[in-house]
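Structure record follows, encoded as structure tokens.
Naming convention: chains lettered A, B, ... in sequence-line order (proteins, then strands); numbering from 1 in each chain.
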Amino acid sequence: MKEQIESLLKETLASLMNEEAIPSCDLSTITLSTPANKEFGDFASNIAMVMASRAKRPPREIAGLIKERMERLTETFDKVEIAGPGFINFSVSPLMWVRVLDTVFELKGRYGFSDFGKGEKVQVEFVSANPTGPLHVGHGRGAAVGDTLARIMKAAGFDVEAEYYINDVGNQMNILGLSVLCRYRELLGQGDPFPDNGYQGDYIRDIAAKLRSIHGNGILDMGEMEAIALCREFASTDILGGIKEDLALFNVHFDNWFSESTLYRDHKVENTMSFLRKEDLSYEADGALWFRTTRYGDEKDRVLRKQDGSLTYFAPDIAYHKDKLDRGFGKIIDIWGADHHGYVPRMKAAIEGLGAKSDNFHALLIQLVSLVREGQPVSMSTRSGEFVTLKEIIDEVGKDVCRYFFMMRKSDAQLVFDLDLAKKKSEENPVYYIQYAHARICSILKNAASQGLTPDIARLEEGMLTTGDDLELIKTIATYPDVVVSCAADLEPHRISFYLLELATAFHRFYNRNRVISDDIKLTAARLILIASVRQVLANALSLMGIDAPESM
RNA sequence: GCGCCUGUAGCUCAGUUGGAUAGAGCAACGGACUUCUAAUCCGUAGGCCAGAGGUUCGAAUCCUCUCAGGCGCGCCA
């Protein structure tokens, strides 16, 4: 709806500009706002005030010209008014609003989809946890945000690929191998001291036990390097399998799993290094190799290859992002923990050095999650193996609650996850509030069906649903596509959770004040169409969040 | 010391990129079940948008400074 009105406004402005009645300006920057106060109509434009200074005429005079043209569109508008310093307020006619329901019925599960993204190739990379241990709560938030964002951007017309980057190279993998080997030897009565920097969690013992049941004590006879390598490969495969299971349980989907080791195998790291040297973006100093990131605004140059000859984490990461660019993504979105924010300028510099624009790259930073149980913080530290896994939380509170809670805040705000609240099946828990609205509607529809009544858009009579709560509900339904677009455009998927709350609230209010099934046959038919539309939109929005829409509760 | 994020009702947070009288939900208080699910609804109360300047028709939003909290400033990953 908003889009329709916007394009009408733009047409009007374009014709006024042609007549040189108003100064020309960039039409693409024009947007409508929705006034906080209902008395000001459905949409408002400040365009007259923006133009006033350049036109050297009072804003209300310019507003008058626009109003006069727009008013002629009597099918669309009930009234167009000038208010305050020069706002133009549009009240859309109820009949226009009601037509939104035709769209919902026509598009069904695809209502809310658009071609906003115009098929642009986008990659969202998220979670990307090292395969050295199970996913914990913090990964869960990244998973929920990333998966939801990917779904939203698909709906908004982008060509999206969700990717998981597997850091399966480097020292931490050897430490993993060594940790498993030690536990394995322990099982066989050989008590080597456990390494200080080893992975402490019990899952390491489980993996060691699996190795024993497969290999017996055969690994004891191997050379140290060979044994570690075997343990490393077995453990990372096993852990990655577990990660995949947890993500599936969480309804998180990836299109691609990208292994860091393939960057080396396919010489991409090497090629990227020589590319940088050729472009004079790297240089030798103090026995190390540096990237000139300062050329692109970083505060200091960064090391690519250390004095000892090994590469930093940054080096393969540049190769990885070069590979992303080579795959043709116009937007590269990385979802990182907020503690990596110092890494952003460096990566932006790398992107520019590789010949792309820094806007092609977006780092979405996810702030910390802290757990609270019975009012007390639950202590977590990865190093000691004392952490709460994602799976434990899902098992405790359920997938739906978990996903919703992770999306309740904008991602750069810290999140307190209250386990007691999450488990409450009451009004305090927004997930149940929303799902309850969906279930209620299903219940009414079932009830109606038992009386032979089914929602049929063809039987919607003109003039129905044009007032009061009915109209309010329709207006809320109508904003849904705008919400999806705004989430995608601003990379703020959390807004969808607030929209759901708003729609559920509007429905519950409607339900308590109005009857759907009544003696009034025409009104009943119309309201069945209305609530069926609400149900559809609830289901659509929930599905973008990967949350179920239950038919009964 | 430098940089980034945060600061909005008692609590937890929104605020559509600068718009009109700053909004929800909890908690508090008062109401609504013979009626399609009360896991719901209606009403009341609650504010110097951390503070001070500035930019303009107009600021919670942009700029500068101050204060408070969090996080980063490796040839770690």
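Base pairing of B:G72: its partner is B:C2, meeting the Watson-Crick or G-U wobble criterion (both donor-acceptor distances under 3.5 Å). Judged by Watson-Crick or G-U wobble contacts below 3.5 Å, the nucleotide B:A14 has no partner. Using the Watson-Crick or G-U wobble rule with both distances under 3.5 Å, B:C65 pairs with B:G51. Shown here, B:A28 forms a base pair with B:U44; the pair counts as Watson-Crick or G-U wobble because both key distances fall under 3.5 Å.
B:A14 has no stacking from A:Phe498 on its base ring, since the centres under 5.5 angstrom apart and planes within 30 degrees of parallel are not both found. Look at A:Phe40 and the base of B:A20; the rings stack, centres closer than 5.5 Å and planes less than 30° apart.
Side-chain proximity of A:His341 to B:U17, B:U40, B:C71: nearest is B:C71. Taking every side-chain heavy atom of A:Pro35 into account, B:A20 is the closest of B:A20, B:U40, B:C36. Residue A:Arg515 has its side chain nearest to B:U35 when only B:U35, B:A39, B:C41 are considered. Listed candidates were B:U37, B:G74, B:C41. Nearest to the side chain of A:Lys300 is B:G74. Looking at the side chain of A:Lys306, the nearest of the listed nucleotides B:A20, B:A14, B:C75 is B:C75.
No donor-acceptor contact under 3.5 Å links the side chain of A:Asp339 to the base of B:A77. Between the side chain of A:His340 and the base of B:G72, no donor-acceptor pair under 3.5 Å is found. With hydrogens and angles left out, the side chain of A:Ser33 and the base of B:U16 share no donor-acceptor pair within 3.5 Å.
A salt bridge is absent between A:Glu3 and A:Lys10: the closest approach of a Lys/Arg side-chain nitrogen to an acidic carboxylate oxygen does not fall below 4.0 angstrom. Classification of A:Glu284 and A:Arg305 as a salt-bridged pair holds, one side-chain N sitting under 4.0 Å from a carboxylate O. In summary, A:Asp301 and A:Arg292 do not engage in a salt bridge, as defined by a charged side-chain N under 4.0 Å from a carboxylate O.
The residue among A:Thr34 and A:Asn46 whose nearest nucleotide of RNA chain B is located toward the 5' end is A:Thr34. Both A:Asp301 and A:Ser552 lie near RNA chain B, and the one whose nearest nucleotide falls closer to the 5' end is A:Ser552.
The same atom, C1', is picked in B:C67 and in B:A50; the two are 8 Å apart, to the nearest Å. On the C1' atoms, B:A27 is 12 Å away from B:G46, given to the nearest whole Å. Comparing the C1' positions of B:U17 and B:U61 gives a spacing of 8 Å, expressed to the nearest Å. A distance of about 10 Å separates the C1' atoms of B:A24 and B:G15, rounded to the whole Å.
Judged purely by atom type and a 3.5 angstrom limit, A:Asn89 has no side-chain atom pairing as donor or acceptor with the backbone of A:Ala44. A donor-acceptor pair is defined here as one N or O able to donate and one able to accept, closer than 3.5 Å; such a pair exists between the side chain of A:Asp42 and the backbone of A:Val92.
Annotated as syn: B:C33, whose O4'-C1'-N torsion sits within 90° of 0. With its glycosidic angle within 90° of 0, B:U17 is assigned syn.
In this structure, A:Tyr343 and A:His340 have perpendicular ring planes: the angle between them is above 60°, well past the 30° mark.
Atom pair A:Leu368:CG and B:U6:C1' shows a separation of 13 Å (rounding to whole Å applied).
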